[in-house]
> 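Before I ask anything, here is the structure I am working with.
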Amino acid sequence: MAKKRKHETGGNVLKIGNKTISLEGYLTKKPKKESENPPPPPTESPTPVEETSAENQKLLKRNDETPRKTRKPPVGGDPQLLKIRQALPIWGYQEKIRGILEEKDVLLLVGETGSGKSTQVPQFLFQEKWCQKRKVKVKQPGMGKEEEVNVGGMIAITQPRRVAATTLAHRVSKEAGTPLTGQSSDGKSKGGSPPKGLVGYSVRFDHRVPQGTRIKFLTEGMLLQELLRDPHLRQYSAIVVDEIHERSVDVDLLSGFLKQIITGDKAGRGGIPLKVVIMSATANIEKIRKFFSVEGEEQAQTAPSGPKASSESSVEFLQIEGRQFPVEISHTPKPVPDIQEELLKTIFRLHTEEPLQDKHGKNDILAFLTGQEEIEGAQRLIEEYAGTLASNVPKIKVFPLFGQLSIEAQHDAFQPAKAPFTRKIVLATNIAETSVTVPGVRYVVDCGKSKVKQYRARLGMESLLAKPISKSSAVQRAGRAGREGPGKCFRLYTEETYDTLQQTDPPEILRTDVLGAILTMKARGIEDVLAFPLMDPPEVESVEKALIHLHMLGALDNHGNITETGRKMVLFPVTAPYARVILAAADLRYSCLLEAIDIIACITAGDDIFLQLRSEEAREEVEEARKELWRREGDLLTYLTAMQRYAAENADRAAWCRARKMNTRNMRQALNIRKQLRGLALRHGLLAEAPPADPQPFAPAPPDRAELVLKCFLRGFALKTAMLMPDSSYVTAVGKHVVAVHPASVLHGQKKEAIMFLEHVYTQKNYAKKVSAVQAEWVAQAFEGGL
DNA sequence: TTTAGAGGT
């Protein structure tokens, strides 16, 4: 297996064993980062209304051949909601925004929390002349033939999270007064029939795109998927990229594709430009502005021929004020030796000195800590100490808040403390920084750290460690105190420490394995991935590692071009190694596709489907029930058993989960993913016929079948294997690192001749997770088989 | 003996 090593041979060629990958022309460099925000809350009401208000008319001072008042009003709308809309900070900017986009292709809009940009901007734009659907002639690629196609008509608004996409769509459809009911599939809405809805959304497992949809909210990943089918985004007149400051891998890739569309040859869109609105919650936008501006650097390489968009598509910038109460920030005078002690002192000083409520409402406390362990420790101490308080001091109710908590427990943290004369204290991870808003908070305590995942390409492993937060993160945390009234923020670190913090967090693309990003590019026709425009290009070494890995998986050929296997892999919404396992499982040599899908569905459903049990009692309580799921082959076969038994359960699946302390949310999600993967396998010919519907009687996989399943997973994960050493440690086959089997694994504390693990994380130790027992011989075979 | 947070036709 050592033969599969990389050798640099000359400039642009990589050799792996006897194979050669061309890296022709893979070279570019680029510039820096950002912070974030949530949408306004929904309200109630129905009835029709004119969009063009009197206020609106006043702003019509611009040079305009077609007077604004002739613009067709929206289908309907709600007068009460209109009043609320008119009070939003962004409302007064609508003519300005329209004016800019009439002339320019790119607008960078910075609006702080509560400015209303996510809901209003698409409504300002959809009736613009440039936003109408047009029939144009385009040349078919390859052939000289022209075909007539529709271009434009819709506005897409991307969101990093599903919940944001769906709630914004509901809100905007209510404001517009049109229903959000259609179940029609994407973009198939034919003209002719009367419009049935103005607003739609598209997220995984949930699509509502009524006929006549003009405004479509979708997740970033969903638009990337659409790009696979429609590289010119012909359905759209404009793309609004919201929350770009969160800098997910998906939004970075999307930005690259949008940049290529706006700076490149527009022949694929029949010469019709695509308008792009980039929205960010932070004022630190120089990098984004530079990235999207055409004049900037080398725009030359992208389009090989055809007319080039030039001066007319420069980036316009607009800043909208937000709605935020002032927050008084204080730092500690000296570095604190013990964070937990300082946290307790701060909380109890606040609690005893500050009023329980005022004219703005509740005065609750939100503390940011790094993780579950720290939160639970602090909770114990606070509750203990609270018990000793005098009776004239208000009571305390502590709510932990972290991602692994059940939905119900998370929900509790959002409710006001029920008992009278009681203050709510929420101890949260950075889940409360962006993903959720806790109402009632007026005091924030910030420990100044958070756990950060970092991928190390050289080791092929990731780490999860507590690191100092960035300035923008600190500002964001403080801002959580000023949502409902003037607030206070107590930072448990000095001002000098604050000054040393990084301005922004490194974007995800620099902290994660770029394997998926590279495959995404390759599948969308990017030959030279190093020349693909990215705001923060990953290190060349990480890209090379990913290319080699993709080559090993069979997704790329010797020239670095995507293979038929690679094209099939991207059809499945799982990471490349899992996609490779799915393809292998469909192969006649293995024929265990349904089993592989069951396992992959469990693994990709979220965090572990088995809830972690802290106490010895809890463990004993469910041990018997869980035992029937355990397989000595390891975690993968255990997941398979869990899924098979869960799917076989006919009575009450939630109760079945509760009895085994399993995550019901994730099991439901796993079943969704299983259904989706089965459907895709069927559609793409990996399955001959639809599997029988649930519930099916449970039958445990016999050992020979289990062996097939594990060999099949080795096709995707041969790199993640380790051998047992005489001293009982495991050493990885590639790289020779010592790994320990994670305590959550069923193989923890056991000795097997070799293990395969799907995850490799450094926390307290170098841990192997999702572990299975394999034979050394299978590992060798997997390497020899070229995977 | 252990666990930041998002996300996909």
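In what follows, every chain begins at residue 1, and chains take the letters A, B, ... in the order their sequences are listed.
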> Please report, rounded to the nearest Å, how far the P atom of B:dG5 is from the CZ atom of A:Arg511.
13 Å
> Hey, does the Lys NZ or Arg CZ of A:Arg491 hover above the aromatic six-ring of A:Tyr498, less than 6.0 Å from the centre and inside 45° of the axis?
yes
> A:Leu218 CG to B:dG7 P: how many Å, rounded?
14 Å
> Think A:Gln676 has a side-chain N or O under 4.0 angstrom from the OP1 or OP2 of B:dT9?
yes
> For a quick check of understanding: with a heavy-atom distance under 4.0 Å over all strands, which category does A:Leu464 fall into, base, sugar-phosphate or nothing?
base
> Does the base of B:dG5 carry an N or O that pairs as donor and acceptor with the side chain of A:Lys451 under 3.5 Å?
no
> Taking only the side-chain heavy atoms of A:Val203 (C-beta and beyond), determine which of B:dG8, B:dT9, B:dT1 contains the nearest atom.
B:dG8
> Would you mind reading off the distance between A:Met222 atom CE and B:dG7 atom P, rounded to a whole angstrom?
12 Å
> To the nearest Å, give me how far apart CG (A:Asn666) and P (B:dT3) are.
18 Å
> Name the closest nucleotide to the A:Lys453 side chain, picking from B:dT2, B:dG5, B:dG8.
B:dG5
> Among residues at least two apart in sequence or on other chains, which ones pass side-chain contact (heavy atoms from CB on, under 4.5 Å) with A:Ala605?
A:Asn666, A:Gln669, A:Ala670, A:Ile673
> Assign A:Val570 to base, sugar-phosphate, or nothing according to its heavy-atom contacts below 4.0 angstrom with the strands shown.
base
> A:Leu747 has an atom CG; how far is it from atom P of B:dT1, in whole Å?
16 Å
> Provide, to the nearest angstrom, the distance between the CD atom belonging to A:Gln764 and the C1' atom belonging to B:dT2.
7 Å
> Have a look at A:Ser450 and say if it touches a base, only the backbone sugar-phosphate, or nothing, with a 4.0 Å heavy-atom cut-off.
nothing
> Using a heavy-atom cut-off of 4.0 Å across all strands, would you classify A:Ser248 as base, sugar-phosphate, or nothing?
nothing
> Looking only at side-chain atoms of A:Leu571, point me to the closest of B:dT9, B:dT2, B:dA6.
B:dT9
> Do the charged groups of A:Lys216 and A:Glu226 touch, with an N to O distance under 4.0 Å?
yes
> Check every strand shown and say whether A:Phe402 touches a base, only sugar-phosphate, or nothing at a heavy-atom separation below 4.0 Å.
sugar-phosphate
> Would you say A:Arg204 reaches B:dT9's phosphate, i.e. side-chain N/O to OP1/OP2 under 4.0 Å?
yes
> When you match A:Leu680 and A:Glu508 each to their closest nucleotide on DNA chain B, which lands nearer the 5' end?
A:Glu508
> How would you list, by chain and number, every residue that makes a ring pair (Phe, Tyr, Trp, His ring centres under 6.0 Å) with A:Tyr236, sequence neighbours excluded?
none
> At 4.0 Å (heavy atoms only), tell me whether A:Val574 reaches a base, stays on the sugar-phosphate, or touches nothing.
base
> Does NZ or CZ of A:Arg480 lie under 6.0 Å from the centre of the six-membered ring of A:Phe368, at an angle within 45° of the ring axis?
no
> Measure from CD on A:Glu374 to C1' on B:dG5 and round the result to the nearest Å.
16 Å
> Between A:Ser248 and A:Asp250, does any side-chain donor sit less than 3.5 Å from a side-chain acceptor?
no
> Does A:His748 or A:Ile431 map to a spot on DNA chain B nearer the 5' end, using the closest nucleotide for each?
A:His748
> With heavy atoms under 4.0 Å as the rule, sort A:Leu224 into base, sugar-phosphate or nothing.
nothing
> Please give, in whole Å, the distance from B:dT2 C1' to A:Glu759 CD?
13 Å
